[in-house]
Chemist: 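Here it is: the structure, laid out below.
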Amino acid sequence: MACKADWTRRDLLKLIGASSLVFPLACERQEPERAREKLLASGGAARRPRFVVRILCSGGIDPLYTTDPKSRGDVARSVEIPYKANDIVESGHGRLGPQFSALKPYLSSLAILNGVRLHTANHPYGWLAARLLKTRAAAGRPGVLDIIGAHRDHQALACMSLGPLNANDYNTFYFGSPDAQSFGVGPGGAVEPKQKGFFDMLDGLSPTELEATLAVLKNTRNDVGTSGGARAVNTREKIEQAERYVSALMKVEPFRLQEWSSEGEKQLIARNLQRILWAMENDLAATYFMRIGNQAEWDTHFNNLIRQKTWNEAFAPMFAQFLGELQKRKSSSGLLWDQVAVVVSSEIGRHPEINAANGKDHFPECPYLFAGPCFQLGKQFGVTGKKMEAHGISLATGAAQDSSAPPDLTDIGTTLLQIAGLDPSEYGYYGRSIEFLRAV
Amino acid sequence: LLAVLFAPLAACQGSSATKPASRPEPTPSPRVEQPPPLDVEELTLLLAGRAPTDEERAVGSKLSANSPETIERFVDSLLKDDGFNKDVGPRLIVGPKMLGTSAFALATNWVLHSYKQDTATVFYLRWKQKCTVNQAVKVKAWWSPDSPVLICPSSYLPERFENARKGIPKACDAVGPVADGLTDCGCGPNLVRCLPDDAMWKKVTAALTSETKLTLAHLLAEDAPIQAMFTTNATARTRYAELIYRRWLVEDKKLDAIPGLDELQSWSVDQPRWAERPEVVPGQHAGILTDPSIAFGSNGLRALMRLLLDTMWCSGEDSSHVDPQVVLTLGKEVRGSDGAGPGSGWEKLAAREVCTNCHARLDYSARAWMGFPDPRVGTHFMSRKQLFSKQRDASGPIYVDNIDDKRGEMPLNPLGFAKAAMAQPEFGACMTKKVVNHMFADTGTEEDARAVQAQFDGSGRLRDMMRVAAIRFIQRRLVAAPHENRTAAAGSANVKTLVTSLCQDCHDFYEKREPDQKELQTMLEMVYLQRMPKKRELSTAERNALIRALNGQLGRPSSKFFEDEFRAFSVHRPELITSMFANSTKSVEPADKTKKPIKLREVENTIDPAELEYTPSIALSLAVAAVKACEKSEGADASATKLAECAQRVSSKRTPIRSTSADP
């Protein structure tokens, strides 16, 4: 199906019909236990998103300019609104601030949840929590992506990691290497999008090198043996992931970078988004973690407006193109869009008020964007107040409800595990299910 | 109540248990590990950062538990190795993050662009206008003092030291303004801020990074106590690192030339000199902590404090109780991000409930570091910002857990901070933990920690701490019987007994009532995440026993996930192994310089040894490294079979898998 800006009901019905042939219950809302039973009965593959993509815009996207635009009368006097009411873009599916206007054609393909509570206002801890999708976090622990990846069907890897990664992104499933840091270099600057990294190095291996590498991996796996209990078994499994990746590389069309933008930073973002698309097309990994920026990009303590504009307007068009590509490209199991769940956020939020440096400080709430047919798309959820603070909402309907605390990060992690047909409590996710977020 | 009690840093506040003055008595806990045999390869990697020689293999293979003198001699010989001083020791003490390249100390934006006209090269900054040769001015550049270079006037601006645009004042060498294209600054006197090309940027950056390593290596070779690393004024550095200290002076004093530029040429670019660093303010320098790549290695004063305190106290990341309503009530002066570090209201934040658990130690410590601003404000020591320069006898308190945990007073300068931080028991406990994690990965015990800490308390020398740890490590491998088979089996452990004994330092569980299901869930989660118990070091087996007991109490059928269901074997420094592969094969043909191997940045290099595991990434990186190494010796046309056979030979004894991590 071609990429469409605004989908009609007919298109959606067609899409649902088509996808149900391949994944008849891809988005079925299920109780966790029942879902798990069904999942096991079906061999585990058919009733959940096959791919989960987690994008972290590091630093803190300002919702006022992006996902939660406000008019003057909606906010306290201390909250600056640096745009006019008619700069807000709207469709029947929601409103976006001017810096996310590039996403307007895709509002129908997105669910936006404003005011997610993070319980932290600190980058390093926020990174850990955002990686795990859980407010109680620690370094080195597997999170939602890894747990879902561990239950993958036939993808080579559990989780592929991309971007300027750091130690907070590491755990036992780690597969990737960090991009060069881009701090201090703005769009049009000295960033070299073709800078070589781990995946480029692997792309560059000759057939002979791949074959030899595969043989070495097999030998290593045999050397590990089976003594040593579960850790030996897990070690063999980790090596097997690498073997399957190399085997796949021997067969798949090589990754070819397309120019989505002539601007350095945009193309850097595009490069990793394209890598994810290619990997999904070839079933190389079940889940994907992509960090954009090593921190400073959206960490706008200084000159908030201009810096947010720079990075939001670099990200939004590239993400829009990514969504379009998802709706066009296929893997052997069908259209990528039918198989994917995409989650976008920052690790912390921005304070609603400008500080003395024309910047905004940290805030423990931020917006989340979701894409993929498992979510209730074309809707904007979350209620925020005069100072952009989250108010209570019903987790069944999304309607304002003071008696219910706003959703938090653990609720999102819990819900994603449920969507994947897993029992969240088995993995230490004791949050609430955000029912309204899930497709019906 | 339990949630509050478990609130990470609120725990223990105000109680005598706050200060880990002495290590708690060992707690009865299950442990049934069968020790794997001694692996000489692993031992030499751990102590000397290299593969064993044939002789070491021979000696190591004959070690016997009945011959402790032989073991001691063997350990001593490995600890005398240069690899310990230059690689293992520095990495162990300060961690890979501090030894890495700073993203901020030398911004890439200041690498000049240039063009050639006839024989003349004209330099200009990328955000400034190009000019003609005739418009360009001749300047005595720091990299070419004998032969002036041409630069466009708008890129020079030797009189400008502050960004003249809107916003808070920023020094010209600040990192942020350049990214935003908001700076009016040029390269300054002697083009001190600029670099002629990427190659020079790499050289200067490498010099800054190596200053820390060289200084630590020098002190380790001298067998200096660990404390000296954080107090020495002198460092081991080369010309380009010295240049940066002189650049600081130019920026701070607004000088019109680099002091002693001609004399600077006498400094070698590769042979380090052990030399004092000039201080504009007494106490400005505190060992490696004030090296440019560390002092400007974080984006902000709080981030710097977090790095320093995590390095010295192993304080870790913990911030999970922040309430938006509280944040909204904080004025901008309290939030304190006005570009000058903690602002006028910082004391309120440091004392505020929950916030205090981090901000008391961070913000009070930051007062000693005001001269080292956020790199987005400047990347040189600013004497006017250093409180001490205004109030010569000024001192301030140092806190650890929170505002109720004041540990004393310190002079408000980096040296004062370093001394005060090292006087806390957390410093010794942290250094001990690093050594134990290094030697034993995730199987260290409290007994190991006690033995190592005793050496810290005695000589304070890293070599002595390592020696004790290594001897225990070897002895454990050499004894046939399972080590420390203590008390009951895991399955029968009583949750009340375990929780009461392990958590009693801070909590009063079971004194008033039994914890409910939700509280037990919280306990399970926090124990699994290794955020609790806070004052005890548990081995994997001990932690899993507690997890099993809690899980049993919760009535869950399996605790597999919480017992690290997905964990693979521990590994040791895969980057070291890959470089060994590369060095272990000899090239059959002259190296083709156009085919440089890609040097990858690896996240694994920055991971605590207790957490590092055999990931798919490590598996593939190592396999490719072995194949690439073999291409040198087998030739570019070698078949896959030949390459694989060679790679197997190269890698067979150099797997990074640790022998310490066998399951019970």
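So you know, we letter chains A, B, ... as the sequences are listed, proteins then strands, and number each from 1. The basis for the numbers below is simple: all heavy atoms, side chains too, and nothing from hydrogens, waters or symmetry mates.
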Chemist: Does R307(A) count as lying over the ring of F302(A), i.e. NZ or CZ under 6.0 Å from the six-ring centre, within 45 degrees of the axis?
Modeler: no

Chemist: Can you say whether E525(B) sits under 4.5 Å from chain A via the side chain, the backbone, both, or neither, judging by heavy atoms?
Modeler: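 Contact with chain A: side chain only.
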
Chemist: Before giving the answer on ring pair (Phe, Tyr, Trp, His ring centres under 6.0 Å), spell out for Y427(A) and F561(B) the whole-Å C-alpha distance, their side-chain angles and the decisive distance to 0.1 Å.
Modeler: CA-CA 6 Å; Y427(A) 303 97; F561(B) 176 75; 5.1 Å; yes

Chemist: Where does L529(B) contact chain A at under 4.5 Å (heavy atoms): side chain, backbone, both or neither?
Modeler: both

Chemist: Between R556(B) and chain A, which part of the residue has a heavy atom less than 4.5 Å away: side chain, backbone, both or neither?
Modeler: side chain

Chemist: Measure distances from A129(A) to the heavy atoms of chain B and classify the residue's part below 4.5 Å as side chain, backbone, both or neither.
Modeler: neither

Chemist: Side chain, backbone, both or neither: which part of R236(A) has a non-hydrogen atom closer than 4.5 Å to chain B?
Modeler: neither

Chemist: Could you tell me which portion of E365(A) (side chain, backbone, both or neither) has an atom closer than 4.5 angstrom to a non-hydrogen atom of chain B?
Modeler: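 For E365(A), the contact with chain B is made by the side chain alone.
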
Chemist: Please look at L205(A) and chain B and tell me whether the side chain, the backbone, both or neither of the residue comes under 4.5 angstrom of a heavy atom of that chain.
Modeler: side chain

Chemist: Of the backbone (N, CA, C, O) and the side chain (C-beta and beyond), which part of T213(A) lies under 4.5 Å from a heavy atom of chain B, both, or neither?
Modeler: both

Chemist: Considering only heavy atoms, which portion of L214(A) lies under 4.5 Å from any heavy atom of chain B: side chain, backbone, both, or neither?
Modeler: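 Neither; nothing under 4.5 Å.
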
Chemist: Side chain, backbone, both or neither: which part of V246(A) has an atom under 4.5 Å from a heavy atom of chain B?
Modeler: side chain

Chemist: Check whether any side-chain heavy atom of F566(B) sits under 4.5 Å from a side-chain heavy atom of K560(B), and report yes or no.
Modeler: no

Chemist: What part of Y430(A) is in contact with chain B, defined as an atom under 4.5 angstrom from a non-hydrogen atom: side chain, backbone, both or neither?
Modeler: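 Contact with chain B is through the side chain of Y430(A) alone.
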
Chemist: Tell me every residue that passes ring-ring contact (aromatic ring centres under 6.0 Å, His included) with Y245(A), counting only those two or more places apart in sequence or in another chain.
Modeler: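 Y245(A) satisfies ring-ring contact (aromatic ring centres under 6.0 Å, His included) with F175(A) only.
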
Chemist: Can you tell me which portion of P364(A) sits under 4.5 Å from chain B's heavy atoms? Options are side chain, backbone, both or neither.
Modeler: side chain

Chemist: Do R291(A) and W127(A) form a cation-pi contact, if we require the NZ or CZ to be under 6.0 Å from the six-membered ring centre and within 45 degrees of the ring's axis?
Modeler: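 Cation-pi check for R291(A) and W127(A): passes.
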
Chemist: For K218(A), which atoms come within 4.5 Å of any heavy atom of chain B: side chain, backbone, both, or neither?
Modeler: neither

Chemist: Contact part of D223(A) toward chain B, heavy-atom cut-off under 4.5 Å: side chain, backbone, both or neither?
Modeler: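 Just the side chain, heavy atoms under 4.5 Å.
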
Chemist: Which answer fits P207(A), side chain, backbone, both or neither, if we ask what part of it has an atom under 4.5 Å from a heavy atom of chain B?
Modeler: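 Contact with chain B is absent: no heavy atom of P207(A) under 4.5 Å.
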
Chemist: Would you call Y614(B) and I239(A) a side-chain contact if the rule is heavy atoms closer than 4.5 Å?
Modeler: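 Side-chain contact under 4.5 Å: yes.
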
Chemist: Between atom CG of L328(B) and atom CD of E389(A), what is the distance when rounded to the nearest 0.5 Å?
Modeler: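 Taking CG in L328(B) and CD in E389(A), the distance rounds to 6.0 Å.
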
Chemist: Could you tell me if K628(B) sits above the aromatic ring of F581(B), with its cationic atom closer than 6.0 Å to the ring centre and no more than 45 degrees from the axis?
Modeler: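 Here K628(B) fails the 6.0 Å and 45° test against F581(B).
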
Chemist: Going by side chain to side chain donor-acceptor pair (under 3.5 Å), name the residues that satisfy it together with D146(A), two or more places apart in sequence or in a different chain.
Modeler: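 Applying side chain to side chain donor-acceptor pair (under 3.5 Å) to D146(A) gives R131(A), N171(A).
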
